Amino acid sequence: MNLLENLNDRQLAAVTLPNQSALILAGAGSGKTRVLTTRIAWLIQTGQVSPQGVLAVTFTNKAAKEMLTRLAAMLPINVRGMWLGTFHGLCNRMLRAHHRDAGLPATFQILDSADQLGAIKRLLKAGNIDDERYPPRNLQNFINSAKEAGLRAKDVEVNDDYNRKFVELYALYDAQCNREGVVDFAELLLRCYELLDRNEILRQHYQGRFRHILVDEFQDTNKLQYAWLKQLAGSGNAIFAVGDDDQSIYRFRGANVGNMADFEREFEVRNLIKLEQNYRSGGNILNAANALIAHNTSRLGKELWTQAGEGEPVRVYEAQTDGYEAAWLVEEVKGLIAEGHARAEIAVLYRSNAQSRVLEHALFNAAIPYRVYGGLRFFERAEVKHALAYLRLIENPADDTAFLRVVNFPPRGIGARALEQLADAARGAGSSLYAAVGSLSGKAGSNLGAFIKLIDSLRFEAAPLTLAEIVELVNERSGLVAHYRNDKEGQERVENLGELVNAAAAFVSEEGYAQDAPASRAGDEEAATQIPSALVAFLSHASLEAGDNQAEAGQDALQLMTVHSAKGLEFNVVFITGLEEGLFPHENSLSEMDGLEEERRLMYVAITRARRRLYISFAQSRLLHGQTRYGLRSRFLQELPEGAVKWLTPKVPVGMGAGARFGAWYDPAARAAPAVSAPVRTAASSHGVRVGQTVRHARFGEGIVINLEGSGDDARAQVNFGPHGIKWLALAVAKLTPA
DNA sequence: TCGGTTCAGAGTATT
DNA sequence: TCTGAACCGA
């Protein structure tokens with residue numbers, strides 16, 4: 001099977017780049033994931049690197065899974081042992097393997113955001129801190145931003161007393177986490193970074209191993225993630241970074257687009273490849289996207305084009321109110337369904353979650369099935385978190401967060417007073433709540449003692465069981481199942497607890513976690529020595545991958561979501577709603593530095609989700625916070641090229657006569673399509689040259705052989721010289737020396 | 001321990 | 001206007 005078949009010129013050049021750092025600017029729908037996975041497969045197939053020598057990083061589990069699936073289809077190897085995963089997943093893996101060096105217990109647990117907030121509230125309570133003056137949420141943000149900037153409490157600059165208190169609390173929080181053997185998400189990354197920074201032997205080991213580092217969605221990396229990557233790259237390894245500055249929409253959570261420019265400079269990137277051919281949308285949709293994003297000033301520069309023709313115009317609709325907007329949308333959707341469109345291929349996008357209510361209301365009344373993204377995920381459900389807390393206590397009794405969550409759930413007569421006493425005792429002894437139980441007497445003491453006994457016996461009984469059996473044991477013996485069975489509305493919760501047993505069974509079989517032979521994980525010599533138990537691994541999995549956000553995923557339903565959550569997805573039909581000043585662009589963004597440009601990128605992301613048909617709608621008035629607000633039509637509408645747009649309602653001129661400024665949109669057919677790439681055939685060897693071999697040419701420097709054809713004097717080699725491009729060279733003439 | 005009342009806040013989100 | 005969290009009384 002030829003991996004390079006059907007790649008366009010740019011894709012081919014990117015996939016077969018020599019071993020030098022590269023920045024691939026991948027536009028929406030340009031085959032980004034394909035390039036990334038084919039690059040890995042090609043490197044392995046041509047023997048340039050072993051599967052163990054590749055490190056590939058993504059942001060979401062979904063993206064990681066997608067890459068793994070595609071890789072497995074391209075390569076006849078077991079891709080499971082590869083270091084391909086999310087930043088957090090890979091850091092977790094490394095920390096598990098070297099937990100001693102990292103100063104962590106083997107069974108360390110991962111706090112999700114809710115757990116972390118709980119831990120912070122507990123900290124404030126224990127220290128008698130005024131949580132009005134120091135809101136837990138603010139402290140959480142403060143700690144996470146500091147960690148994401150690579151700063152410990154001692155490194156944070158203090159400029160006033162208020163600030164000093166935050167820093168002080170940050171230090172206390174870290175101390176509490178250490179005591180309890182838990183780490184939050186940001187800590188996974190920072191700990192891993194510090195581990196590599198401090199431990200030269202380890203750093204050199206991994207630098208020697210990961211010859212090829214590939215990063216997905218590079219524009220979304222934060223400072224710490226970039227620093228971590230730099231450390232693994234060292235001075236010799238190449239980073240293959242794929243990203244799109246025009247789709248950078250996560251600055252509010254720490255993403256630093258500037259990493260792209262820093263990367264170019266610091267790694268002396270000479271290979272900058274733009275993937276601009278779009279395989280997703282019609283020409284009008286792309287013209288709208290291009291024209292819109294052209295209004296941004298800080299761009300690396302990129303313009304999407306397609307061979308697909310202009311397709312349908314972008315339809316724009318003006319409604320009187322948000323209610324009418326929803327009503328119109330319902331009618332339009334009915335028509336689309338009647339025409340045979342699948343509901344799941346129709347997406348309704350909005351800027352903020354609050355907008356979904358009106359839409360849901362209308363859809364519900366019209367009996368159109370829909371699915372809203374972004375609800376509670378499976379592992380975040382209360383009953384599931386309860387069961388997980390019991391499991392955590394089995395592994396790590398010092399986990400006070402888990403302890404407090406279930407010590408009195410189901411109710412067993414342990415009230416606030418008892419817990420306060422216990423907290424005092426624990427603080428006095430500098431121990432965990434669990435360990436302090438022995439020092440309490442009386443009724444509270446005996447109830448707590450019974451709880452400890454329960455956990456201890458669960459731990460004892462769990463020892464010989466499989467993971468699924470352990471979960472089942474906990475479900476029953478904790479009293480959770482019985483508790484929810486008695487609850488009128490607990491049926492679904494009981495089912496979810498059963499689902500957790502299934503999830504445990506699936507986890508063991510998917511991850512190859514045979515409990516008897518833990519060291520059998522292929523190709524992973526570090527982890528083999530210190531493989532965590534299946535239970536510990538499952539608990540990490542539960543924290544790192546919160547699972548799907550709603551049931552009924554199988555049903556053919558309309559897809560409702562924010563523009564942010566639509567990133568990376570595509571649909572035949574897309575509705576972008578609420579295009580009003582103040583809403584999209586959102587008013588809060590206007591006071592932020594470059595906030596408007598980020599909003600515009602968000603709109604760009606929204607537009608480029610559509611394959612065939614795109615609707616954009618707005619309302620003259622909208623009910624917001626109980627008040628009717630009259631918003632102007634979004635400036636983004638004015639930034640679309642007239643020729644690509646069809647107004648479904650009369651276009652009322654606004655202010656300065658927009659539209660005139662924007663010239664006629666270009667004809668996509670007039671854009672020269674690049675020559676179709678030469679047929680690629682793979683020959684074994686010719687003139688002593690092999691595919692995948694690095695060679696040197698007097699004029700073009702180092703390159704990598706990507707293809708061979710002909711024989712004898714006619715033999716030619718196709719060589720990718722990186723910044724000098726891809727060349728066909730006659731081997732009888734060109735002087736190629738092995739490099 | 002639960003259920004009702006009060007009050008603030010209402011932008012986007014993955015791990 | 002609506003929601004969620006915190007709080008208080010029974």
Side-chain angles (χ1 to χ4, degrees), chain A residues 57-64 85-93 110-118 121 125 131-132 135-137 140-141 144 147-148 183-190 192 216-217 220-222 224-225 247-255 322 349-358 361 373-377 379-380 408-419 487 540-547 549 561-568 578 582-592 595 598-599 601-603 605-606 622-629:
Chain A
V57 205
T58 65
F59 276 86
T60 64
N61 293 297
K62 200 175 157 201
T86 62
F87 279 100
H88 294 83
L90 295 174
C91 285
N92 176 50
R93 190 164 169 183
I110 301 164
L111 300 182
D112 67 18
S113 308
D115 292 335
Q116 184 189 31
L117 187 61
K121 285 181 180 166
K125 204 167 203 179
D131 62 2
E132 300 250 325
R137 288 232 171 254
Q140 186 180 27
N141 286 338
N144 289 338
K147 288 189 179 184
E148 278 160 21
V183 298
D184 58 53
F185 286 134
E187 182 72 22
L188 281 172
L189 288 161
L190 183 53
C192 194
D216 188 22
E217 305 275 20
D220 288 342
T221 52
N222 62 33
L224 180 56
Q225 286 159 340
Q247 292 190 67
S248 162
I249 56 173
Y250 283 115
R251 204 182 41 175
F252 69 91
R253 66 171 201 214
D322 49 351
L349 310 184
Y350 34 80
R351 174 64 181 80
S352 67
N353 286 306
Q355 288 167 253
S356 77
R357 300 188 71 213
V358 190
H361 186 72
Y373 276 71
L376 260 196
R377 327 266 279 293
F379 286 113
E380 290 167 353
N408 197 35
F409 196 93
R412 39 177 80 90
I414 299 169
R417 309 172 314 282
L419 290 177
D487 188 353
S540 305
H541 166 80
S543 299
L544 291 176
E545 185 164 0
N549 61 8
M561 65 192 84
T562 62
V563 179
H564 280 91
S565 34
K567 187 168 167 232
L583 196 59
F584 200 178
H586 197 278
E587 54 192 350
N588 293 1
S589 72
L590 300 179
S591 54
E592 288 161 13
E598 178 127 334
E599 293 288 302
R601 289 193 289 269
L602 196 54
M603 184 62 187
V605 167
R622 180 175 296 271
L623 213 53
L624 206 65
H625 308 330
Q627 280 167 345
T628 304
R629 304 225 325 199

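To find a chain, count down the sequence lines: A is the first, B the second, and so on, and within it residues start at 1. Just so you know, these numbers come straight off a predicted model, no measurement behind them.
A salt bridge does not link A/Glu148 with A/Arg253: every distance from a Lys NZ or Arg NE/NH1/NH2 to an Asp or Glu carboxylate oxygen is 4.0 Å or more.
Residues A/Gln140 and A/Asp184 have side chains that never bring a donor and an acceptor to within less than 3.5 angstrom of each other.
Ring pair A/Tyr250/A/His564 is tilted by interplanar angle, where 30° to 60° counts as tilted.
Of the residues near DNA chain B, A/Gly626 and A/Ala416, the one whose nearest nucleotide (by heavy atom distance) lies more toward the 5' end is A/Ala416.
Nucleic acid contact class of A/Arg351 (heavy atoms, under 4.0 Å, all strands): base. Nucleic acid contact for A/Ser565: sugar-phosphate only, since backbone atoms but no base atoms lie under 4.0 Å from a heavy atom of the residue. Here A/Asn353 lies in heavy-atom contact (under 4.0 Å) with sugar-phosphate atoms only. Among the protein residues, A/Phe59 comes within range of the sugar-phosphate backbone only, with heavy atoms under 4.0 Å from sugar or phosphate atoms but none that close to a base. Counting any heavy atom pair closer than 4.0 Å across all strands shown, A/Asn408 reaches sugar-phosphate atoms only and no base atom. Nucleic acid contact class of A/Glu148 (heavy atoms, under 4.0 Å, all strands): none. Within 4.0 Å (heavy atoms only), A/Asn61 reaches sugar-phosphate atoms of the nucleic acid but no base atom.
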Look for any protein N or O under 3.5 Å of an N or O in nucleotides 4-8 of chain C and output each such pair with its distance, or none.
unit_1 : atom_1 : unit_2   : atom_2 : d
C/dA6  : OP1    : A/Lys121 : NZ     : 3.1

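To the nearest whole angstrom, the two C1' atoms, one in B/dA13 and one in C/dC2, are 22 Å apart.
More than 12 heavy-atom neighbours from other residues, nucleotides or ligands sit within 6.0 angstrom of CZ on A/Arg412.
Rounded to an integer number of Å, the gap from A/Leu623 CG to C/dT1 P is 8 Å.
With a heavy-atom cut-off of 4.0 Å to chain A, the contacted part of DNA chain B has its first and last nucleotide at B/dT1 to B/dT15.
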